[in-house]
Asker: 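Sharing a structure below in structure tokens format, with a few things to ask.
To find a chain, count down the sequence lines: A is the first, B the second, and so on, and within it residues start at 1.
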Number of protein chains: 2
Amino acid sequence: MHNVCQPLDRNRQREFYEKRQTWKKGQFLYRAGEPLGPIFKIITGIVAVADRLPDGRRQILDFFFPGEICGYLETEDRYSFEGEAITDVETCVFGRARFKAFTAAHGDLAEIVRVTLMSKLNSANHRLAELGQLSSTERVAAFLCWLKARYEEHGLETRPLTLPMSRELIADHLGMRLETVSRSFSRLKRLELITASDAGVTLLDLPGLALLAASDDRP
Amino acid sequence: MHNVCQPLDRNRQREFYEKRQTWKKGQFLYRAGEPLGPIFKIITGIVAVADRLPDGRRQILDFFFPGEICGYLETEDRYSFEGEAITDVETCVFGRARFKAFTAAHGDLAEIVRVTLMSKLNSANHRLAELGQLSSTERVAAFLCWLKARYEEHGLETRPLTLPMSRELIADHLGMRLETVSRSFSRLKRLELITASDAGVTLLDLPGLALLAASDDRP
DNA sequence: CGGTTAGTTGAGTGCATTCAATCCCAGTGG
DNA sequence: CCACTGGGATTGAATGCACTCAACTAACCG
């Protein structure tokens, strides 16, 4: 159907971006241990990438927003983690080999990949500090600051902040139980750092939240 | 020896590896926020890379062993984290710009950098799952398994395993207090999964430890 | 020897978890 | 139209794990 690899821009674009795919909320784009399939570029929606322990516990490692690429991380020839659509999601799907060849051929793209990887590693490290050192409420505060920053990147409304993920997802991201997440929200409300309506959460005192979060803001 | 790349071998080698530096246990190779200095390749000893919160709490992100490179992670023009010699350390020190130029000029080296970054990101992700999901004793078990694997990589004695880091360092790595680390060791002894002598720790039942650690082995 | 530092262990506290009840809302079918 | 249902969220009560504070041991070094 799509012929492979011409050094012609038009074709490239088409090759890369033509093959779209949609996912319902709750569907998995890929699972850990599955043979490597394609790489996904998110067009709309949010994907949660998670590590899962044998007994079912899971750690959500990152939330991927439109414009980001997920599914590229691999060990051997299997996916390392799992990617789940937590909203309805639309993706571009394209082959790994082709992606590799393409970046190899373009030095500047390789540099972009390097910078992206480094930035992701940086974020992961900051999150390690959060998980290891912050109390539950501090973690929620840090999460809200982070989410606001992501929303601003994407030009989304931040007053109020519409939370696209459930308490359970937040809990699995922050290494706590959903009830504890809920209590933390209540605590933040009582401290008048946030208010909540059915539309979402409003951050009343960003400096105060950042102070609670203590950790340097994550990039 | 280190056989890095062919063209202009002699000179390159000299440029890269001639400048050595030694560090006493406890010295910092670099600190977060400092203007970017050189990149460090560790020849002997172990370096702990850590993130530090404003109030002094720290999260040790990784331990770097001989042959590894640390100090390359950056945001803007500052070091993101801090690198501390936890034993006496000998390093090669070389300039960032030169390193960049060198990798840019050699596609294969750039690929090595990419793979290394990806592997580090993979490890960081697995450690996120550990911090987020495992109990304290499980975390210590995971840590011991990981350390053994690292030792084997480097051809070091693993029966017994000589722990190069104090309880406090382990605690700051695993997000717990040093007393809890100590209690976890005692628990593992009581479970007859390990024994300890003044020479170090012997892992009696690796499968048992790995089972406790639950998480997939980290790479 | 005394002084110092790393490690272990005990007692008591507190924070996060577990289990459970309730509430709210959206969806559905009588 | 309203009663019913199910999922997400909040809150309460009780438990338990990890933390704090503190005592004590062992090893090392002057």
Asker: Is the shortest side-chain N/O distance from Ser182(A) to OP1 or OP2 of dT10(D) below 4.0 Å?
Answerer: yes
Asker: Write down the distance between CG (Leu178(A)) and P (dT11(D)), rounded to a whole number of angstrom.
Answerer: 13 Å
Asker: By a strict heavy-atom criterion of less than 4.0 Å, which residues belonging to residues 157-171 of chain B are in contact with DNA chain D?
Answerer: none
Asker: Quick one: side-chain contact (heavy atoms from CB on, under 4.5 Å) partners of Ser166(A), sequence neighbours excluded?
Answerer: Glu168(A), Leu169(A)
Asker: Nearest 0.5 Å, what's the CZ-CD distance between Phe40(A) and Gln21(A)?
Answerer: 6.5 Å
Asker: Could I get the full list of side-chain contact (heavy atoms from CB on, under 4.5 Å) partners for Leu36(A), not counting sequence neighbours?
Answerer: Glu74(A), Tyr79(A), Arg96(A)
Asker: Taking 5' to 3' order, which nucleotide of DNA chain C is first and which is last to have an atom within less than 4.0 Å of a heavy atom in chain B?
Answerer: dG7(C) to dA11(C)
Asker: For Arg177(A) and for Ala196(B), find the nucleotide of DNA chain C with the closest heavy atom, then tell me which residue's nucleotide is more 5'.
Answerer: Ala196(B)
Asker: Taking side-chain hydrogen bond (donor to acceptor under 3.5 Å, both in side chains) as the definition, give me every residue that meets it alongside Asp172(A), ordered by chain and number, with sequence neighbours left out.
Answerer: Arg58(A)
Asker: Whole-Å distance between dA18(D) P and Gln133(B) CD?
Answerer: 14 Å
Asker: Partners of Glu68(A) by side-chain hydrogen bond (donor to acceptor under 3.5 Å, both in side chains), sequence neighbours excluded?
Answerer: Lys120(A), Arg150(A)
Asker: Mind checking side-chain contact (heavy atoms from CB on, under 4.5 Å) for Gln27(A) and listing every partner two or more places apart, or none if nothing turns up?
Answerer: Trp23(A), Lys24(A)
Asker: For nucleotides 21-30 of chain D, tabulate all protein N/O to nucleotide N/O atom pairs closer than 3.5 Å, reporting atom names and distance.
Answerer:
unit_1	atom_1	unit_2	atom_2	d
dC21(D)	N4	Glu179(B)	OE2	3.4

Asker: Once ring pair (Phe, Tyr, Trp, His ring centres under 6.0 Å) is applied, do any residues pair with Phe65(A), and if so which ones, sequence neighbours excluded?
Answerer: His154(A)
Asker: side-chain contact (heavy atoms from CB on, under 4.5 Å) with Glu138(A): which residues, sequence neighbours excluded?
Answerer: Leu134(A), Ser135(A), Leu212(A), Arg57(B)
Asker: Which pairs of donor and acceptor atoms, one on a side chain in residues 182-191 of chain B, lie under 3.5 Å apart (sequence neighbours left out)?
Answerer:
unit_1	atom_1	unit_2	atom_2	d
Ser184(B)	OG	Thr180(B)	O	3.0
Ser186(B)	OG	Ser182(B)	O	3.2
Arg187(B)	NH1	Thr137(B)	OG1	2.8

Asker: Side-chain atoms of residues 193-207 of chain B: list all donor-acceptor pairs with protein atoms under 3.5 Å, sequence neighbours left out, distances to 0.1 Å.
Answerer:
unit_1	atom_1	unit_2	atom_2	d
Ser197(B)	OG	Ala199(B)	N	3.2
Asp205(B)	OD1	Gly208(B)	N	2.9

